[in-house]
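Presented below is the structure to which this report refers.
FYI, side chains are in, hydrogens and waters are out, and symmetry mates aren't considered; it's all heavy atoms of this structure.
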Amino acid sequence: MSIERWGEAIVLAAAERPNNGTMPYLKTTLSRYLIVGFVFLALGLNGCKEEKKLDSPSQGRITIAADESYEPLTVEITRTYELLYPRTKFDLVFKPEREAIRLMLEDKARLCIVSRRLTANEQRSLDNEKITGSATLLATDGVAIITSKANFDSLMTMNELRGVFNKQINNWSQLKGGNQSGPITLVFDNPNSSNLDHVMQRFGLKSVNGLSIYTAKSNKGVIDYVRTHPTAMGFIGVNWISDGDGPVSAALSKDIRVIGLSSKANPQIRDDYHQPFQRDLALKLYPLWRDVYMVSREAHPGLGGGLTNYLVRDSGRLLVEKLGLWPRVPYNREVQLK
């Protein structure tokens, strides 16, 4: 019997009157009215607690928080998914990596797109809520180093770059092959960004105190600053300039150089240097390569899972590849020759 029919039966029982008119009748009636009151209260609470309809892979609305380095990637993949499934909607929030992860942990975003998995402390936050969570590797990308076209120096070794961050090299005149002199200004999007974190981890740095660092508020801001400051060295997510078909990417790439890096101490030929583009990312030849993860707190088969599955399958992998990154599993193209 449903709770509604059970309530109706109790109301009818309470309405019945015994013929003798004795005191037990009053006690019984009072008990019945109390029961009826509790039943209606339960019915009301049941209605108030009615769960909101859950989203699914093909419909619903969720929020995604992404490191600002991955803004072009995030915008393109969600826009494409919305075109495929018109009843879906993604609200996008772009923050420094640590803040993007925090939003996901605080349930202010369902997913976050970042350059790493959760730390043990961050995972503990989900564990406390009995949420398993997941981290899906989407692609390989890299931190690109850019300079102004007015700066002719387009090649560096990792030892030289390490010297810059260890404060052993602080002037362009200390680097070979350039035409600039003057202090080197390191330009990042944000003090808490994944770009700076990745470089610090690569060189085992705990602090950047004493370095000449300018924060430009965004990856686009880094590009704009470097373009007009020949002694600046900028660090951006490569997906900002790697979509060859994108007019925005083409415009941003204008008047800047992308530095080639070599892991060799004494490179001899041009092929000893590598840039953060697909072939060198795929083979992990570019020294500042990194992974891209979709980290989720989703606890049901919902829209977040739908987007993630799309990106690791054929059509989604092609989209990631078009954006200049290297997908987790490359899309195989079969050519039949007749």
Side-chain angles (χ1 to χ4, degrees), residues 55 60-78 81 89-143 188-208 213 215-222 235-240 288-300 302-312 320 323 325 328:
D55 54 89
R61 182 171 189 161
I62 63 172
T63 297
I64 296 179
D67 182 279
E68 196 264 346
S69 296
Y70 302 125
E71 182 175 338
L73 170 70
T74 306
V75 169
E76 189 66 21
I77 62 178
T78 53
Y81 198 87
K89 174 64 179 176
F90 297 96
D91 297 316
L92 306 181
V93 180
F94 299 105
K95 295 285 185 181
E97 183 169 80
R98 296 176 210 172
E99 293 184 36
I101 291 174
R102 178 181 57 80
L103 289 175
M104 188 274 298
L105 294 177
E106 294 177 353
D107 200 17
K108 296 177 182 176
R110 178 79 60 80
L111 310 170
C112 62
I113 299 177
V114 290
S115 68
R116 60 175 177 83
R117 297 176 181 272
L118 298 182
T119 64
N121 284 337
E122 290 166 345
Q123 181 61 46
R124 198 170 296 118
S125 297
L126 293 183
D127 294 341
N128 291 338
E129 298 183 53
K130 309 299 183 185
I131 296 174
T132 303
S134 64
T136 303
L137 176 62
L138 297 181
T140 300
D141 99 312
V143 177
F188 287 89
D189 53 323
N190 191 287
N192 295 319
S193 80
S194 61
N195 298 329
L196 181 55
D197 279 351
H198 184 71
V199 175
M200 291 178 66
Q201 291 172 14
R202 187 67 174 77
F203 295 131
L205 300 176
K206 301 298 183 183
S207 169
V208 291
I213 291 183
T215 53
K217 309 302 182 185
S218 67
N219 279 246
K220 182 178 182 302
V222 173
F235 297 78
I236 62 171
V238 72
N239 75 125
W240 277 89
L288 292 182
W289 68 271
R290 62 183 177 182
D291 290 325
V292 185
Y293 290 93
M294 181 86 82
V295 183
S296 171
R297 61 174 292 123
E298 192 163 83
H300 68 280
L303 182 52
L307 177 64
T308 302
N309 289 333
Y310 167 71
L311 292 174
V312 298
V320 171
L323 291 167
L325 306 184
R328 182 185 73 172

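By the side chain to side chain donor-acceptor pair (under 3.5 Å) test, Glu99 pairs with no residue at all, sequence neighbours left out. Every side-chain contact (heavy atoms from CB on, under 4.5 Å) that Asn128 has, sequence neighbours left out, goes to Arg124. Taking Asn190 as the reference, nothing meets the side chain to side chain donor-acceptor pair (under 3.5 Å) condition, with sequence neighbours excluded. Judged as a side-chain contact (heavy atoms from CB on, under 4.5 Å), and not counting sequence neighbours, the contacts of Glu76 are Arg79, Thr80, Leu319, Leu323. Asp91 pairs by the side-chain contact (heavy atoms from CB on, under 4.5 Å) definition with Arg61, Thr63, Lys89, not counting sequence neighbours.
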Original post:
side chain to side chain contact (heavy atoms under 4.5 Å, CB included) between Phe90 and Leu303: does it pass, once the steps are laid out?
Top reply: CA-CA 9 Å; Phe90 297 96; Leu303 182 52; 3.8 Å; yes
Subject >> Test side chain to side chain contact (heavy atoms under 4.5 Å, CB included) applied to Leu126 and Leu118, step by step >> reply: CA-CA 10 Å; Leu126 293 183; Leu118 298 182; 3.8 Å; yes
Original post:
Leu307 and Ile64: side chain to side chain contact (heavy atoms under 4.5 Å, CB included), yes or no, with the steps?
Top reply: CA-CA 11 Å; Leu307 177 64; Ile64 296 179; 3.6 Å; yes
Subject >> Derivation of the side chain to side chain contact (heavy atoms under 4.5 Å, CB included) call for Ile101 and Val295 >> reply: CA-CA 8 Å; Ile101 291 174; Val295 183; over 6 Å; no
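Counting only heavy atoms from C-beta outward, the side chains of Glu68 and Trp240 approach each other to under 4.5 Å. Side chains of Thr136 and Arg328 form a contact here, defined as non-hydrogen atoms less than 4.5 Å apart. Annotation: side chain of Ser218 is not in contact with side chain of Glu71 (no heavy-atom distance under 4.5 Å). The shortest side-chain heavy-atom distance between Tyr70 and Ile77 does not fall under the 4.5 Å cut-off.
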Which donor-acceptor pairs under 3.5 Å do side chains of residues 104-115 form with protein atoms, sequence neighbours excluded?
| unit_1 | atom_1 | unit_2 | atom_2 | d |
| --- | --- | --- | --- | --- |
| Glu106 | OE1 | Arg102 | NH1 | 3.2 |
| Glu106 | OE1 | Lys108 | NZ | 3.3 |
| Asp107 | OD1 | Arg297 | NE | 3.2 |
| Arg110 | NH1 | Asp55 | OD1 | 3.3 |
| Arg110 | NH1 | Asp55 | OD2 | 3.4 |
| Arg110 | NH1 | Glu298 | OE2 | 2.4 |
| Arg110 | NH2 | Asp55 | OD2 | 2.7 |
| Ser115 | OG | Glu97 | OE1 | 3.4 |
| Ser115 | OG | Glu97 | OE2 | 2.7 |

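Of the N and O atoms on the side chains of Asp127 and Gln123, at least one donor lies less than 3.5 Å from an acceptor on the other residue. Using modelled atom types and a 3.5 Å distance limit, the side chains of Ser69 and Asp67 yield a donor-acceptor pair.
Note: Lys95 NZ to Ser193 OG = 14.0 Å, rounded to the nearest 0.5 Å. Here CG of Asn195 is found 5.0 Å from CG of Asp189. Values are rounded to the nearest 0.5 Å. With values rounded to the nearest 0.5 angstrom, Asp141 atom CG is found 10.5 Å from Leu288 atom CG. Gln201 CD to Arg290 CZ: the interatomic distance, rounded to the nearest 0.5 Å, is 10.5 Å. Considering CH2 of Trp289 and NE2 of His198, their distance stands at 8.0 Å, rounded to 0.5 Å.
The two residues Gly304 and Ile62 come nearest to each other via the heavy atoms N-CD1, 3.7 Å. Between Val222 and Ala216, the shortest heavy-atom contact is N-CB, 3.5 Å.
With respect to Met294, the side chain to side chain contact (heavy atoms under 4.5 Å, CB included) criterion is satisfied by exactly one of Leu138, Thr74, Val312, Leu137: Leu138.
The aromatic rings of Phe188 and Phe235 sit parallel, their planes meeting at an angle under 30°, below the 60° perpendicular limit.
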